[in-house]
Amino acid sequence: MNLAELLEGLNPRQHEAITLDGSSALILAGAGSGKTRVLTTRIAFLISTHKASPHGVLAVTFTNKAAREMLTRLSAMLPINTRGMWVGTFHGLCNRLLRAHHRDAELPATFQILDSSDQLSLLKRVIKAMGVDDEKYPPKQAQHFINANKERGLRANRVEAHDPFTQRMAEIFAAYDAQCQKEGVVDFAELLLRTCELLGRNATLREHYQSRFAHILVDEFQDTNRLQYQWLRLLAGPQTQVLAVGDDDQSIYAFRGADVANMREFQRDFGDTVIKLEQNYRSQGNILEAANALIANNRGRLGKSLWTDAGAGERIRVYRAPSDLDEAAFVVDEARRLQREGVSLNDIAVLYRSNAQSRVIESALFNAGMPYRVYGGLRFFERAEIKHALAYLRMAAQPEDDGAFLRIVNFPPRGIGARTLELLAEQAQGRPLLQTARESAGAGRGGAALTSFVAMIDVLSEKLRDLPLHEAVDHVVETSGLKAHYVADKDGADRVENLDELVSAAKQFANDSEANDLAAFLAHASLEAGEHQAGEGAEALQLMTVHASKGLEFHAVFASGSEEGLFPHEQSFNTEDGLEEERRLMYVAITRARRALTLSYTESRQLHGQTRYNLPSRFLEEIPEQLLAPINARKLGASRPAFSPAGVDNASGFHIGQNVRHTKFGAGVVIGTEGRGADARVQVHFREGGQKWLALEYAKLEPA
DNA sequence: ACTACGAGACTTTTT
DNA sequence: GTCTCGTAGT
């Protein structure tokens, strides 16, 4: 593409962001404002006008998918080889840098990357070895403590611990880090922290990268945490121009350490050039107006309002369902209707706040014979059989990796039980388990099995040295006994298939990537858990959480479960910040829709095995009424009776699940009734003020 | 050493 | 409702 073609059809703000020269800038990119186009076109612009070489550009994203998309679009615009470019995720780029300078970073060349579950099991081991009570100090909590501190740039010795609990947590933190170092493994946060520490203390290296990268581009900047911001500041030199693209209104990962304050910080550190992309190319007017009105209820926004050239379009439909079953049936009917109108199922999404909600919808779709695809869930490299196979490879690549050792030492089962391993750990005194097992050959009960396991690993390691990557993977799968184990299992067919798939993945990786050694493949497996599941091509209704929908768009969107307690989630009620994040989440849900948006809520729903009665979400009230089109509940066979379960409806005149209004307490929902006539009392859950029993004789309660 | 059963938990989760 | 974890039984 030539320059004119690159810049064709851009709006003035986009053009400004793409061609900006001489300063860094914060790009406030609203939903559907052409953010990815701006990012990729800017890189293409810089390179094709020789303002930068491909070598001198760094672009960082959060997901592999986003990084891939950027590279794909880039190679469509420019006739360059994108392979050597520094385009990737924060973690991927850190991995690259740490591999290149592993000695300076004090890591083995073969260092392995722990995913969250690897990290948790290592922590469990550390806590046990310390003799700490894991009831008082739950490993999950320790994991959160460690990650949160690392993401603030803090090591164990710098954690402020004024109480005994935090002190003990910090001790666990220190012991965990020491064990990681021994085993030559790093967790996700460690990749960032190590890189920051390395660049922080090594001026030569820092200045090398700072002068190399004339341009840095950051995607989804609102999702960066403190540590990632620190990383950015270390890599950006005095001459570097940084383009940080983000949307504070779409910040929905604060619970994982993302800190929107980075956006204000950026203006302080990199100058206050701000470009707002507010023209939306995705949704029709009513949808945008609803989104704008909703998000206006949040405080402290940087300020931004979406607009469109397109017409107002349809109003937002609001469906009130008697039950979750009815809501699901409604979604099925509506999806079918849209399908008849010629909308592809791929272009229709059902969004929900939490995964638990998908079950009812799935079963309705299944019974209706409508194809659907659920996003999220277990990913390829997270499957047990894959992790087992990878552990054999890790063992061969790095014998100090106790995590890998423990995962496979008795899988497939070979008679090495808990007692044997306990003795082994005792004997090891902190040395690698594999080495200890090798030295104490034949000793103790289970010793013979242990000896033959060590022998097998040794033979395997020897063999793998000479094999190309995919043959090595194939060899491991065949000789470890893994495949035989699953072949013998009558329910193991899928797992066998996955193991074969792993061999293909290795082959693919060797073809695609310049570094095709074992260490690189293992890093790839940890950093990219793999596409969710197969079956991508087939036409299917799209089911996912609102979180998972960020960055996507659909012709029609159903936001189900728009209820108090669910969305906003009850665990966000306590804090203003929590509630605002929920609101941003709803904002994300709304802005996914191009033409048709339906919000639904139920009067009763099964949750955690019991029936709950919820009020409609407060967010519905924050959308101007003239934008809404209520739909009446239709008579549907699937509807579970929302009231008088088992005929307990009484003479009170109210039924469970009914929305009511009280002169003093306001809006509420009936969750219980008892007595009749003058004695009748009803229990009401009020929006403000919790649950109350009211005697009907005195209380002024009316149907709402 | 392995398997089966019951108690308790249970938002979201790019890496 | 359903998944995970720990304990007791084989």
Side-chain angles (χ1 to χ4, degrees), chain A residues 60-69 88-95 113-120 124 134-135 138-140 143-144 147 150-151 186-192 219-220 222-225 227-228 250-258 324 351-360 362-363 375-379 381-382 410-422 445-446 449 523-530 532 544-552 561 565-573 578 581-582 584-586 588-589 605-611:
Chain A
V60 62
T61 64
F62 273 84
T63 66
N64 292 297
K65 195 175 156 204
R68 257 196 314 271
E69 181 172 353
T89 63
F90 281 99
H91 297 85
L93 296 178
C94 285
N95 176 53
I113 300 164
L114 302 180
D115 69 16
S116 314
S117 62
D118 297 333
Q119 181 187 35
L120 186 62
K124 283 180 184 163
D134 62 359
E135 299 264 283
K140 277 243 172 65
Q143 182 179 30
H144 181 260
N147 291 338
K150 284 189 179 181
E151 282 166 10
V186 298
D187 58 53
F188 287 140
E190 184 73 25
L191 284 169
L192 265 298
D219 189 20
E220 304 280 16
Q222 77 283 353
D223 288 338
T224 52
N225 60 37
L227 187 55
Q228 285 156 340
Q250 289 188 74
S251 161
I252 55 174
Y253 285 107
F255 72 95
R256 287 172 46 153
D324 48 352
L351 308 183
Y352 33 81
R353 173 68 242 271
S354 63
N355 287 307
Q357 285 167 252
S358 77
R359 222 195 70 251
V360 192
E362 279 185 71
S363 81
Y375 287 75
L378 251 204
R379 292 184 293 177
F381 287 109
E382 287 167 353
N410 197 35
F411 199 92
R414 44 176 76 89
I416 302 170
R419 184 72 195 128
T420 311
L421 294 176
E422 206 177 299
R445 278 192 347 117
H524 167 79
S526 301
L527 291 175
E528 179 158 10
H532 296 286
M544 66 192 85
T545 63
V546 181
H547 281 93
S549 76
K550 198 172 82 160
L552 304 176
L566 253 193
F567 198 179
H569 197 275
E570 55 198 351
Q571 286 188 222
S572 71
F573 285 172
E581 179 141 318
E582 296 288 309
R584 292 192 290 271
L585 204 46
M586 182 58 94
V588 168
R605 99 165 39 242
Q606 294 292 124
L607 202 65
H608 306 322
Q610 38 181 294
T611 309

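Letters go in sequence order (proteins before strands), and every chain restarts at 1. Because the structure is a prediction, the values reported are computed rather than measured.
- Taking atom P on both B:dT13 and C:dT4, the two are 16 Å apart, rounded to the nearest angstrom.
- The CD-P distance, from A:Gln610 to B:dA9, rounds to 14 Å in whole Å.
- Listed pair A:Arg414 / B:dA1 fails the phosphate criterion, with no side-chain N or O lying under 4.0 Å from OP1 or OP2.
- For A:Asn147 (side chain) and A:His144 (main-chain N/O), no donor-acceptor pair under 3.5 Å exists by modelled atom type.
- Between A:Arg359 and A:Asp324, no side-chain nitrogen of the basic residue sits less than 4.0 Å from a carboxylate oxygen of the acidic one, so the salt-bridge criterion is not met.
- Phosphate contact (OP1/OP2 of B:dA1, side-chain N/O of A:Thr420, threshold under 4.0 Å): present.
- Of the two residues near DNA chain B, A:Glu581 and A:Pro413, the one whose nearest nucleotide lies more 5' is A:Pro413.
- A perpendicular orientation is assigned to the rings of A:His547 and A:Phe255, their planes being inclined by more than 60° (bins at 30° and 60°).
- Rounded to a whole Å, the OH atom of A:Tyr375 is 18 Å from the C1' atom of B:dT13.
- Side-chain N/O atoms of A:Asn64 include one lying less than 4.0 angstrom from OP1 or OP2 on B:dT15.
- Residue contacts for A:Ala189: at a heavy-atom cut-off of 4.0 Å it reaches no nucleic acid atom on any strand shown.
- Minimum atom distance to the side chain of A:His91 is reached by B:dT15, of the listed B:dT15, B:dT11, B:dT13.
- Nearest nucleotide to the side chain of A:His608, out of B:dT11, B:dC2, B:dA1: B:dT11.
- The side chain of A:Thr63 sits closest to B:dT15 out of B:dT15, B:dT13, B:dA1.
- Base orientation of B:dT11: syn (glycosidic angle within 90° of 0).
- Across B:dT15, B:dT13, B:dC2, the shortest atom-to-atom separation from the side chain of A:Tyr253 is found for B:dT13.
- Using a distance-only test at 3.5 Å, with no hydrogens or angles considered, a donor-acceptor pair links the side chain of A:Asn410 to the main chain of A:Ile416.
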Item to check | Full working for side chain to side chain contact (heavy atoms under 4.5 Å, CB included) between A:Ile113 and A:Leu527 | outcome: CA-CA 8 Å; A:Ile113 300 164; A:Leu527 291 175; 3.9 Å; yes
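- Proximity of A:Thr545 to the phosphate of B:dT13: a side-chain N or O atom is located under 4.0 Å from OP1 or OP2.
- Between A:Phe255 atom CZ and B:dT15 atom C1' the separation is 13 Å, expressed in whole Å.
- In this structure, A:Lys140 places its NZ atom 17 Å from P of B:dG8, rounding to the nearest Å.
- Following rounding to the nearest Å, A:Glu69 (CD) and B:dT14 (P) show an atom-to-atom distance of 18 Å.
- Out of B:dT13, B:dT14, B:dA1, the shortest distance to the side chain of A:Asn355 is found at B:dT13.
- Residue contacts for A:Ser526: at a heavy-atom cut-off of 4.0 Å it reaches no nucleic acid atom on any strand shown.
- The side chain of A:Arg379 contributes an N or O atom lying less than 4.0 Å from OP1 or OP2 of B:dT15.
- Stacking of the aromatic ring of A:His547 onto the base of B:dT12 is not found under the criterion of centres within 5.5 Å and planes under 30°.
- For the pair A:His91 (side chain) and A:Leu191 (backbone), a donor-acceptor distance under 3.5 Å is absent.
- Atom CZ of A:Arg359 is separated from atom P of C:dC3 by 10 Å (rounded to the nearest Å).
- Side-chain proximity of A:Glu582 to B:dT11, B:dT15, B:dT12: nearest is B:dT11.
- Rounded to an integer number of Å, the gap from A:Lys550 NZ to B:dT11 P is 22 Å.
- Between A:Lys65 and A:Glu528 there is no salt bridge, since no side-chain N of the basic residue sits under 4.0 Å from a carboxylate O of the acidic one.
- Judged by closest nucleotide on DNA chain B, A:Gly417 is the one of A:Glu382 and A:Gly417 placed further toward the 5' end.
- Here A:Gln571 reaches the OP1 or OP2 of B:dT11: one of its side-chain N or O atoms lies under 4.0 Å away.
- Stacking between A:Phe90 and B:dT15 is absent: the aromatic ring centre is not both under 5.5 angstrom from the base six-membered ring centre and within 30 degrees in plane angle.
- Considering only side-chain atoms of A:Asn410, the nucleotide from B:dT13, B:dT11, B:dC2 that sits closest is B:dC2.
- As rounded to whole Å, 21 Å separates atom P of B:dT13 from atom CG of A:Asp187.
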